2 protein chains.
Amino acid sequence: MRQSREAKAETHQAIVAAAARRFRERGIEGTSVGDVMQAANRTHGGFYRHFESKDDLLIAALGRAFEEMLGVLDQGLAELPSQHALDGFMRRYTGPELVQDVAGGCPVAALSNDVLRSTEAVKAEFGRGVRAMIATLAAHLDGPEAEREARAARTFAMAAGAVMMARASDPETAGIVLGAVRAEAPGTDRRIGDHPA
Amino acid sequence: MRQSREAKAETHQAIVAAAARRFRERGIEGTSVGDVMQAANRTHGGFYRHFESKDDLLIAALGRAFEEMLGVLDQGLAELPSQHALDGFMRRYTGPELVQDVAGGCPVAALSNDVLRSTEAVKAEFGRGVRAMIATLAAHLDGPEAEREARAARTFAMAAGAVMMARASDPETAGIVLGAVRAEAPGTDRRIGDHPA
DNA sequence: AATTTAAGATGACGCTCATCCTCTTAATTT
DNA sequence: AAATTAAGAGGATGAGCGTCATCTTAAATT
């Protein structure tokens with residue numbers, strides 16, 4: 001039965017939200033259109049009223065996942081003085097809460113390898129997300145613009161790399177990797193308010 | 001027709017070598033048993049005389065890929081003084097030669113996300129490879145053991161993270177990310193909140 | 001109110017895949 | 001040399017997938 005415009009829009013959002021989680025959790029190839037539609041409480045048939053293809057959905061889902069992640073980032077950085085922006089970010093990004101939550105975590109840490117093997121359009125969307133993450137982080141730093149961006153990019157790369165490696169390893173190895181990058185962040189083993197040496 | 005023991009061993013190695021490349025290039029789900037056998041110049045039927053399952057092959061292929069990568073690493077580090085081990089590694093790992101060669105490049109940069117979604121046995125093998133990479137890098141550094149390992153792990157995480165992000169992005173974004181980590185390779189020795197000199 | 005449109009359900013199509021089975025034949029064992 | 005074993009070829013099986021076509025029915029348009 002035909003649905004109203006608002007109902008359709010609601011369905012659209014439900015599909016994107018479900019896809020954003022499913023793709024991160026199970027990967028691109030591991031997620032079927034039917035899976036996503038079921039997770040959105042719909043049947044698979046209506047899918048092509050909303051998206052031209054699975055890739056089209058993937059692009060929308062990436063956009064959504066990055067939006068969510070930018071929200072988490074902003075929230076975590078909001079109250080931090082700029083000298084602690086990078087280590088605050090590192091601490092949060094590599095903490096158990098985000099590391100264990102693949103479906104709700106960073107799309108970079110969950111989907112980089114899958115996107116590598118996708119179309120240029122998908123990579124373009126992914127790249128937009130990456131730049132937005134770097135820009136957001138950089139905005140919380142001090143110094144000349146180019147340098148802020150570079151420092152943000154380096155820290156982000158290290159955090160994402162550590163999380164990806166840790167997730168793909170046995171617990172012992174994961175501990176070594178996460179421990180190494182978390183120890184690097186001043187304040188990790190300090191009380192709130194303390195400043196790094 | 002039945003093959004001799006040596007012929008079988010040769011076939012076995014050919015399968016592992018083909019798989020090590022295919023998995024890195026196309027991902028785990030993107031690589032079929034038939035693909036691998038064809039790349040090894042065999043038919044798919046004989047596969048189960050060599051491996052119990054695709055996962056079993058994956059474990060062997062991961063071992064092989066890490067071996068290859070450790071060779072590249074050792075070779076690149078061999079002539080470097082220890083103060084330049086980390087930035088030498090970083091420059092090589094994030095250089096166009098390795099970044100563009102997904103099939104022959106680092107298994108961490110190519111397969112982390114796929115392994116994340118695999119069995120514990122696969123993760124254990126991956127973790128072994130990660131620790132071997134870190135240990136090899138650390139062996140080329142100076143200082144107390146625990147600290148050498150931590151510095152190696154941090155640099156490796158940053159390098160792998162940057163390569164994964166770059167590969168999954170549009171060329172412009174890739175340039176930003178790789179440029180940031182390459183511009184200041186020695187920066188991986190610094191604490192995260194520090195400004196570059 | 002009559003007509004047109006389109007959202008979503010259902011089912012089908014063609015393809016791919018991991019795994020298994022059988023057959024042939026040559027290597028290995030006796 | 002005869003008997004046994006097993007590597008690899010070829011084919012089959014059963015499941016899952018992306019996408020498409022059809023149908024129903026209610027929303028949107030006239």
Side-chain angles (χ1 to χ4, degrees), chain A residues 1-62 111 114-115 117-119 121-122, chain B residues 1-62 111 114-115 117-119 121-122:
Chain A
M1 11 129 186
R2 181 169 178 178
Q3 303 283 109
S4 71
R5 290 198 221 293
E6 302 89 60
K8 185 183 183 184
E10 227 171 90
T11 295
H12 191 92
Q13 292 310 311
I15 297 172
V16 173
R21 288 187 66 82
R22 275 304 224 251
F23 279 131
R24 278 177 286 183
E25 190 181 338
R26 306 193 180 178
I28 297 176
E29 310 236 304
T31 300
S32 74
V33 169
D35 276 350
V36 171
M37 292 302 279
Q38 207 169 340
N41 284 311
R42 308 294 197 283
T43 55
H44 71 277
F47 177 76
Y48 290 89
R49 301 281 178 189
H50 293 274
F51 301 96
E52 267 185 20
S53 63
K54 187 184 174 181
D55 250 37
D56 192 21
L57 169 64
L58 172 59
I59 291 174
L62 279 177
L111 291 171
D114 285 11
V115 172
R117 299 171 183 107
S118 296
T119 66
V122 174
Chain B
M1 7 88 205
R2 180 167 178 178
Q3 302 284 111
S4 72
R5 290 198 222 292
E6 301 89 60
K8 185 184 183 183
E10 227 172 89
T11 295
H12 191 93
Q13 291 311 311
I15 296 172
V16 173
R21 288 188 64 84
R22 275 299 224 255
F23 279 132
R24 277 178 286 184
E25 190 181 337
R26 306 193 180 178
I28 298 175
E29 309 236 303
T31 299
S32 72
V33 168
D35 276 350
V36 171
M37 292 302 279
Q38 207 169 343
N41 284 312
R42 307 295 196 284
T43 54
H44 71 279
F47 178 77
Y48 289 90
R49 300 281 178 189
H50 293 274
F51 301 96
E52 266 185 20
S53 64
K54 188 183 173 181
D55 250 37
D56 192 21
L57 169 64
L58 172 59
I59 290 174
L62 278 177
L111 292 170
D114 284 11
V115 173
R117 298 171 183 106
S118 296
T119 64
V122 175

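Just so it is clear, the structure is predicted and the values come from calculations on it, not from any experiment. Basis for what follows: all heavy atoms, side chains included, without hydrogens, waters or symmetry-related copies. Within every chain, numbering begins at 1; the chains are lettered A, B, ... in the order of the sequence lines, protein sequences first and strands thereafter.
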### Query
What's the closest nucleotide to the His50(B) side chain, out of dT19(C), dG8(D), dT29(D)?
dG8(D)

### Query
Between Ala19(B) and Leu57(B), which heavy-atom pair has the shortest distance, and what is it?
CB-CD1, 3.6 Å

Provide a list of protein-nucleic acid N or O atom pairs under 3.5 angstrom, restricted to nucleotides 20-26 of chain C.
unit_1	atom_1	unit_2	atom_2	d
dT25(C)	O2	Arg2(B)	N	3.4

#### Entry: Intra- and inter-strand pairs of DNA chain D in dot-bracket (Watson-Crick or G-U wobble, both distances under 3.5 Å; | for another strand)
||||||||||||||||||||||||||||||

### Task
On DNA chain D, check which nucleotide each of Gly46(B) and Asp55(A) is closest to and give me the residue with the more 5' one.
Gly46(B)

### Message
Show the nearest heavy-atom pair for residues Ala20(B) and Arg24(B), with the distance to one decimal.
### Response
O-NE, 2.8 Å

### Query
Side chains of Tyr48(B) and Asp56(B): closer than 4.5 Å at any heavy-atom pair?
no

## Note on the structure
Tightest non-hydrogen contact, residues Gly27(A) and Thr31(A), listed as O-OG1, 2.7 Å

### Task
Mark yes or no for whether Arg117(B), through its side chain, and Glu25(A), through its backbone, hold a donor-acceptor pair below 3.5 Å.
yes

### Residues within residues 18-39 of chain A bordering DNA chain C, heavy-atom distance below 4.0 Å
none

### Listed nucleotide nearest any side-chain atom of Arg5(A), set dA9(C), dT19(D), dA28(D)
dA28(D)

### Query
Do His50(B) and Thr11(B) come close enough that some side-chain heavy atom pair is under 4.5 Å?
yes

### Task
Quick one: list whatever passes side chain to side chain contact (heavy atoms under 4.5 Å, CB included) with Lys54(B), sequence neighbours left out.
Phe23(B), Ile28(B), Val33(B)

### Separation of dA7(C) C1' from Phe51(A) CZ (nearest whole Å)
14 Å

### Query
Could you give the CG-to-P distance, from Asp56(A) to dC20(D), as a whole number of Å?
12 Å

### Query
For Arg26(A), which residues count as a salt bridge (Lys or Arg N to Asp or Glu O under 4.0 Å) partner, sequence neighbours excluded?
Asp35(A)

### Task
Quickly work out the Arg42(B) CZ to dA9(D) C1' distance and round it to whole Å.
13 Å

### Query
Any donor-acceptor pair under 3.5 Å linking the side chain of Arg21(B) with the backbone of Ala17(B)?
no

### Task
Mind checking the NZ-CZ spacing from Lys8(A) to Arg49(A)? Nearest 0.5 Å is all I need.
8.0 Å

#### Entry: Gln38(B) atom CD, neighbour heavy-atom count above 12 within 6.0 Å
no

#### Entry: Check: Met37(A) and Thr43(A) side chains under 4.5 Å, non-hydrogen atoms
no

### Query
Mind checking whether Val115(B) and Leu62(B) have side chains closer than 4.5 Å, heavy atoms only?
yes

### Message
Contact list please: residues 6-14 of chain A against DNA chain C, heavy atoms, distance less than 4.0 Å, in numerical order.
### Response
Lys8(A), Thr11(A)

